[in-house]
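Right, one structure below, let's go through it.
Note that this is a predicted model, so its numbers are computed, not measured.
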Amino acid sequence: MKQSQTKGLSILLLFISPLMGLFCGVKYLSWQNRKLIIILFFILYGSLLKYGAESDAAVYMALLDNYSNMSFSEFFIWLKHILMLDPLPNSPNDVYVHCLAFFSAGIVGTKAIFFPIVAGIYGYFYVMAMSKILKWDSTRKVTLLLLSVAFLFIIHRSVTSFQTVRTWTGMWILFNGVLGYHQTKNKKYLFLMLAAPLVHFAYLVISLPIFASLYYKKIPSFAVIGLYILSFFTTLNPGGILDVSKDNSLAEEKVGAYYRQNEYGESIDPILERREKSNAVWYARYGKTDAVYYGGHAFALFLILGGFYRKRMTPVEAGLLTAGLLTATLANFGTFSYAFYSRTMANAVIYILATVALMTARGAFQQNTMLSPQLTKFFQWICVLIFLPKMVFFIADFLVFTSVFILGMPFVGWVSEDLNISIREFLGEIF
């Protein structure tokens, strides 16, 4: 069957059974054609998204009420204050959410299209990254290790993550900018990188080491590695950061939400305190964050200690790993705030996983290595297995956020919100 016919059939299947349409598109189409199928799947997924009252998605849906009768003049007044880092009361902090909220609730007049649009934008940058990283010679034997590394890259921040709206959309936009620049040296990708802070305020800081990594050839390897190793044993002065943040109301609000001091000058991290008191099951407690970050560090140390960094890498791989190491260094320096550490380290891991995926796909670990092939493979599997709680958590998270109508008859979920239940709820009814 021709690619055009297969693409048409996959699109038709998406509206009958989105999951089946996705499967057919990914299995039988080339990357050039499967991009559209994956993006459409994200849009359909967003239109049927299931979320709880305490989730990020619920907060954004409530925010849309502020835009229902907003005029263009009021929109631009809010936008001006956001750009000046001085948002008005009830206003979002970021340009991205402000524009999408006004378009969906203000111009179109329906909140229902907000998450399909968010999912479509997220899906676009997600699939563009996948199409550039998950490519390999069709004549090369596909190993279980390659499939495992590819799976980790796919699930790191996948289809269930766009409901946060800003954080991981910004991550994929920034990643595409970095990857595109290293592959082509086209300066248009620098503008894409600069767009990340417009999506989330935090990327004003998180993107700094990533911009620095663009000049990795001018930074000695020992300096990058030395700074990375040093970061495990030191942290920035939180008191100084608190003082600096007081110069801007938005910065003070953000820092205060993630870190503060009591009357005795002792550190208080409200996010970490809630996490430590959590009674979540093991895969949720460790799979959402810890296993990912430990696994990222494990892969980074494997590449460094195995003698792969730069010497046995392509320029693109070296640039990506440098971005990962410098971002992980920033995360380690910011461990006084778990929220900052977590977001920054999640960004670092995507660059590390991308490097490992590219190197595994071209067989870089099977030749010209300092370690024996058996020992190299052993350490790789250790790194992969550290991510095991993440794999379990992804499956559980997918069942919670995914409508049962992703399996078939999505139109039923669109017509009746009461019938639109998650796969997890559906399984609970049966069993």
Greater than 12 external heavy atoms within 6.0 Å of [X]'s [atom1]:
{"X": "Asn69", "atom1": "CG", "answer": "no"}
{"X": "Phe378", "atom1": "CZ", "answer": "no"}
{"X": "Phe426", "atom1": "CZ", "answer": "no"}
{"X": "Phe191", "atom1": "CZ", "answer": "no"}
{"X": "Lys187", "atom1": "NZ", "answer": "no"}

Side-chain donor/acceptor of [X] to backbone N/O of [Y], under 3.5 Å:
{"X": "Ser207", "Y": "Tyr203", "answer": "yes"}
{"X": "Arg166", "Y": "His200", "answer": "no"}
{"X": "Ser213", "Y": "Tyr216", "answer": "no"}
{"X": "Thr402", "Y": "Leu399", "answer": "no"}
{"X": "Arg34", "Y": "Leu29", "answer": "yes"}
{"X": "Gln163", "Y": "Ala57", "answer": "yes"}
{"X": "His81", "Y": "Leu88", "answer": "no"}
{"X": "His156", "Y": "Ala346", "answer": "yes"}
{"X": "Ser17", "Y": "Leu407", "answer": "yes"}
{"X": "Asn90", "Y": "Asn66", "answer": "no"}

[Y] side chain reached by [X] side chain, heavy atoms, under 4.5 Å:
{"X": "Met391", "Y": "Val384", "answer": "yes"}
{"X": "Asn33", "Y": "Ser30", "answer": "yes"}
{"X": "Phe393", "Y": "Arg285", "answer": "no"}
{"X": "Val26", "Y": "Ile38", "answer": "yes"}
{"X": "Val165", "Y": "Tyr122", "answer": "no"}
{"X": "Ile82", "Y": "Ser91", "answer": "yes"}
{"X": "Lys80", "Y": "Phe76", "answer": "no"}
{"X": "Leu145", "Y": "Phe365", "answer": "no"}

Quick one: closest heavy-atom pair of [X] and [Y], and the distance?
{"X": "Leu320", "Y": "Ile133", "answer": "CD1-CD1, 4.5 Å"}
{"X": "Ile386", "Y": "Ala291", "answer": "O-CB, 3.3 Å"}
{"X": "Ala129", "Y": "Asn176", "answer": "N-OD1, 3.5 Å"}
{"X": "Ser403", "Y": "Ile423", "answer": "O-CG1, 3.9 Å"}
{"X": "Leu192", "Y": "Phe125", "answer": "CD1-CE2, 3.8 Å"}
{"X": "Gly296", "Y": "Val349", "answer": "CA-CG2, 4.1 Å"}

Ring pair (Phe, Tyr, Trp, His ring centres under 6.0 Å) test vs Tyr67 passes for just one of Tyr60, Trp78, Phe103, Phe72, namely Trp78
For the atom pair [atom1] ([X]) and [atom2] ([Y]), what is the distance rounded to the nearest 0.5 Å?
{"X": "Thr143", "Y": "Lys377", "atom1": "OG1", "atom2": "NZ", "answer": "7.0 Å"}
{"X": "Thr169", "Y": "Tyr96", "atom1": "OG1", "atom2": "OH", "answer": "4.5 Å"}
{"X": "Leu174", "Y": "Ile350", "atom1": "CG", "atom2": "CD1", "answer": "11.5 Å"}
{"X": "Ile210", "Y": "Met171", "atom1": "CD1", "atom2": "CE", "answer": "10.0 Å"}
{"X": "Ser47", "Y": "Trp414", "atom1": "OG", "atom2": "CH2", "answer": "5.0 Å"}
{"X": "Met20", "Y": "Leu12", "atom1": "CE", "atom2": "CG", "answer": "13.0 Å"}

Indicate the ring-plane relationship of Phe175 and Tyr351, choosing parallel, tilted or perpendicular according to the 30° and 60° boundaries. tilted
Measure up the Phe23 and Tyr28 rings against each other and bin them: parallel (under 30°), tilted (30 to 60°), perpendicular (over 60°). perpendicular
Run the side chain to side chain contact (heavy atoms under 4.5 Å, CB included) test on Phe340 and Thr335 for me, step by step, so that the C-alpha distance in whole Å, both residues' side-chain angles and the decisive distance to 0.1 Å come before the verdict. CA-CA 7 Å; Phe340 175 79; Thr335 51; over 6 Å; no
Looking only at the side chains, is there a donor atom on one of Thr327 and Asn347 sitting less than 3.5 Å from an acceptor on the other? no
If we count only N and O atoms by modelled type, under 3.5 Å, do the side chains of His182 and Tyr189 hold a donor and an acceptor together? no
Tell me if the centroids of the rings in Tyr293 and Tyr341 come within less than 6.0 Å of each other. yes
For the aromatic rings, using the six-membered ring if either is Trp, is the centroid distance between Tyr286 and Tyr294 under 6.0 Å? no
Determine whether Phe308 and Phe302 satisfy the following criterion, ring-ring contact (aromatic ring centres under 6.0 Å, His included), listing intermediate values before the conclusion. CA-CA 8 Å; Phe308 297 101; Phe302 163 71; 5.5 Å; yes
Which pairs pass side chain to side chain donor-acceptor pair (under 3.5 Å) with one or both residues in [range], sequence neighbours excluded?
{"range": "residues 384-400", "answer": "Thr160-Asp397"}
{"range": "residues 295-304", "answer": "Tyr228-His297"}
{"range": "residues 104-120", "answer": "Asp65-Lys111"}

Of Leu321, Leu358, Thr322, which meets side chain to side chain contact (heavy atoms under 4.5 Å, CB included) against Met313? Leu321
Could you walk me through whether Phe115 and Ile43 satisfy the side chain to side chain contact (heavy atoms under 4.5 Å, CB included) test, starting with their C-alpha distance in whole Å, then the side-chain angles of each, then the deciding distance to 0.1 Å, before giving a yes or no? CA-CA 8 Å; Phe115 274 109; Ile43 293 173; over 6 Å; no
Could you give me the CA-CA distance, side-chain angles and deciding distance for Phe387 and Phe299, then say whether side chain to side chain contact (heavy atoms under 4.5 Å, CB included) is met? CA-CA 11 Å; Phe387 283 89; Phe299 267 127; 3.8 Å; yes
Could you go step by step and tell me if Thr314 and Arg362 meet the side chain to side chain contact (heavy atoms under 4.5 Å, CB included) rule? CA-CA 10 Å; Thr314 65; Arg362 67 177 178 84; 3.8 Å; yes
